[in-house]
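Input: a single structure, listed below in structure tokens.
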Number of protein chains: 2
Amino acid sequence: MEKFIPITDLINDNNATKEPPLQSTFEKYEKKFKALADQKRLHILNLLCQQDSSCVCDLSELIDMPQSKLSYHLKILLDANLIQKETKGTWSYYTVNTKEINHLLSPELCCLFRPSNCC
Amino acid sequence: MEKFIPITDLINDNNATKEPPLQSTFEKYEKKFKALADQKRLHILNLLCQQDSSCVCDLSELIDMPQSKLSYHLKILLDANLIQKETKGTWSYYTVNTKEINHLLSPELCCLFRPSNCC
DNA sequence: AGTTTAAATCAATTTTTTTTGATAAATAAA
DNA sequence: TTTATTTATCAAAAAAAATTGATTTAAACT
């Protein structure tokens, strides 16, 4: 059989390989998707958007996860800018960064990780 | 300082921990986000949606990646249902699963991984 | 002041993912 | 029919991420 050559290959000029700004775009989204690529963190996000604010010790009970483990996962979400932290005294309160989530995910999916009013 | 207790905590009943269907939802999306959580795979997706169809050997040149490595990453995308495969003779042609991408990602982001007409 | 609590961080271990080069299966081309 | 090409898969090694329990820091209580 003869190799099939799509029309677009004949039309497009192959500048596809040199994309200087795309590289850093991919890095940015890699980080964000890495943060989402874990059941536990998806669960955390889902819980966070049901409370409008939760401290680590409460979340730890809710999700039944040791504190150091939870802090580790919260940090990953925080570094990806998917959640935000506010410290009051010794407590750290975390909230979903709705704006960022909306920018990243489809409306259907956002509902899973967005305050309960939506869906 | 006294511990701050958000109003929603006083209102919501704490059924948050027992979510039998949510568990499998998280599993499903974990897999999809894992597939997206890699620069190389994002690059592959981006290239794939510029061609409407590419075989492994062409992609391998375009992205400058050894064949076995590329096949490995294509399989991860395929298993997550983010791309589709069609075999013609010895060649495998891959295309972006636009429907799935649209369901998952925001319109802004979809543009990065969707045929060039959009943005 | 002394004790307790909340949360972040650390180092060591375990688990998962990725890379690499080789091989196998199937088709194409000579 | 032989040879070359395309792609998937395999096993071993390397790299990255997650888990665990302990420690540290800081603030809150008594």
Side-chain angles (χ1 to χ4, degrees), chain A residues 1-6 9 26-27 30-45 47-48 51 53-80 82-95, chain B residues 1-6 9 26-27 30-45 47-48 51 53-80 82-95:
Chain A
M1 183 186 290
E2 218 175 286
K3 185 181 170 187
F4 165 74
I5 299 178
D9 280 13
F26 294 147
E27 277 175 35
E30 178 186 63
K31 188 167 189 177
K32 289 179 193 294
F33 289 130
K34 272 213 167 94
L36 291 171
D38 183 286
Q39 278 186 66
K40 296 163 238 79
R41 291 194 287 268
L42 293 177
H43 191 185
I44 291 170
L45 275 180
L47 287 175
L48 277 184
Q51 279 75 40
S53 175
S54 338
C55 63
V56 179
C57 57
D58 287 349
L59 255 186
S60 179
E61 275 193 11
L62 253 184
I63 206 178
D64 190 33
M65 187 183 278
Q67 178 266 320
S68 77
K69 190 175 176 178
L70 179 55
S71 283
Y72 167 78
H73 287 293
L74 285 169
K75 183 164 175 23
I76 287 173
L77 289 168
L78 187 67
D79 288 348
L82 300 178
I83 61 175
Q84 291 161 320
K85 175 163 89 161
E86 192 185 356
T87 301
K88 291 184 186 171
T90 21
W91 291 276
S92 291
Y93 292 91
Y94 286 91
T95 52
Chain B
M1 185 188 287
E2 218 175 288
K3 184 181 169 189
F4 164 73
I5 299 177
D9 279 13
F26 294 147
E27 278 174 34
E30 178 187 63
K31 187 167 190 177
K32 291 178 192 297
F33 289 130
K34 272 211 167 95
L36 292 171
D38 184 286
Q39 277 186 68
K40 295 163 237 80
R41 292 194 288 268
L42 292 178
H43 191 185
I44 291 169
L45 275 179
L47 287 176
L48 277 184
Q51 279 73 43
S53 175
S54 338
C55 65
V56 180
C57 58
D58 287 350
L59 255 186
S60 179
E61 276 193 10
L62 252 184
I63 205 177
D64 189 33
M65 186 183 281
Q67 177 267 322
S68 78
K69 191 174 176 178
L70 179 55
S71 284
Y72 166 79
H73 287 293
L74 285 169
K75 183 164 174 23
I76 287 175
L77 289 167
L78 187 67
D79 289 347
L82 299 179
I83 62 176
Q84 290 161 321
K85 173 164 90 163
E86 193 185 356
T87 301
K88 290 183 186 171
T90 23
W91 291 276
S92 290
Y93 292 91
Y94 286 92
T95 51

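We name chains A, B, ... by the order of the sequence lines, and we start the count at 1 in each one.
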*What is the distance from CE of B:Met65 to C1' of C:dT18, rounded to the nearest Å?*
11 Å
*Rounded distance (Å) that lies between atom P of D:dA17 and atom CG of A:Leu77*: 15 Å
*Taking all non-hydrogen atoms of both residues into account, name the closest pair between B:Leu70 and B:Ser60 and its distance.*
CD2-N, 3.4 Å
_Distance in angstrom units between B:His73 NE2 and D:dA8 P, rounded_ = 14 Å
*Where the side chain of A:Tyr94 is defined as all heavy atoms beyond and including C-beta, which of C:dT9, D:dT7, C:dA8 is the nearest nucleotide?*
C:dA8
*A:Lys40 vs A:Gln67, nearer the 5' end of DNA chain D by closest nucleotide*: A:Lys40
_Side chain of B:Trp91 - closest among D:dA26, D:dA18, D:dT7_ = D:dT7
*Which atoms form the tightest heavy-atom contact between A:Lys34 and A:Arg41, and what is the distance?*
O-NH2, 3.0 Å
_From C:dT18, D:dT7, C:dA28, nucleotide with atom closest to B:Thr90 side chain_ = C:dA28
*asked:* Rounding to an integer number of Å, can you tell me how far A:His43 NE2 sits from D:dA18 C1'?
replied: 18 Å
_Nearest to side-chain heavy atoms of B:Cys57, which nucleotide of D:dT9, D:dT6, C:dT9_ = D:dT6
*Take B:Leu74 and B:Leu59 through the side-chain contact (heavy atoms from CB on, under 4.5 Å) test and state the conclusion after the steps.*
CA-CA 10 Å; B:Leu74 285 169; B:Leu59 255 186; 4.3 Å; yes
_Atom-pair distance (CG on B:Leu74; C1' on D:dA8), nearest Å_ = 11 Å
*Nearest whole angstrom, please: distance from the P of C:dA7 to the CG of A:Leu78.*
14 Å
_How many whole angstroms separate atom NZ of A:Lys85 from atom P of C:dA6?_
16 Å
*Stepwise, does the side-chain contact (heavy atoms from CB on, under 4.5 Å) test hold for B:Val56 with B:Tyr94?*
CA-CA 8 Å; B:Val56 180; B:Tyr94 286 92; 3.7 Å; yes
*For A:Lys40, salt bridge (charged side-chain N to carboxylate O under 4.0 Å, His left out) partners two or more places apart*: A:Asp38
*From the list C:dT9, D:dT9, D:dA18, which nucleotide is the closest neighbour of the side chain of A:Ser71?*
C:dT9
*Checking A:Lys88 against A:Tyr93: charged group under 6.0 Å from the ring centre and within 45 degrees of the axis?*
yes
*Figure out the CG/P separation between A:Leu70 and D:dA18, and round it to whole Å.*
14 Å
Distances under 3.5 Å between protein N/O atoms and the N/O atoms of nucleotides 10-17 of chain C, please, pair by pair.
unit_1	atom_1	unit_2	atom_2	d
C:dT17	OP1	B:Lys34	NZ	3.4

*Answer yes or no: does a side-chain N or O of B:Lys69 lie under 4.0 Å from OP1 or OP2 of C:dT18?*
no
*B:Ser92 side chain: which of D:dA8, D:dT20, C:dA7 is closest?*
D:dA8
_With a 4.0 Å cutoff (strictly under), does any side-chain N or O of A:Lys75 reach OP1 or OP2 of C:dA7?_
no
*To the nearest 0.5 Å, what is the distance between CG (B:Leu36) and NZ (B:Lys31)?*
13.0 Å
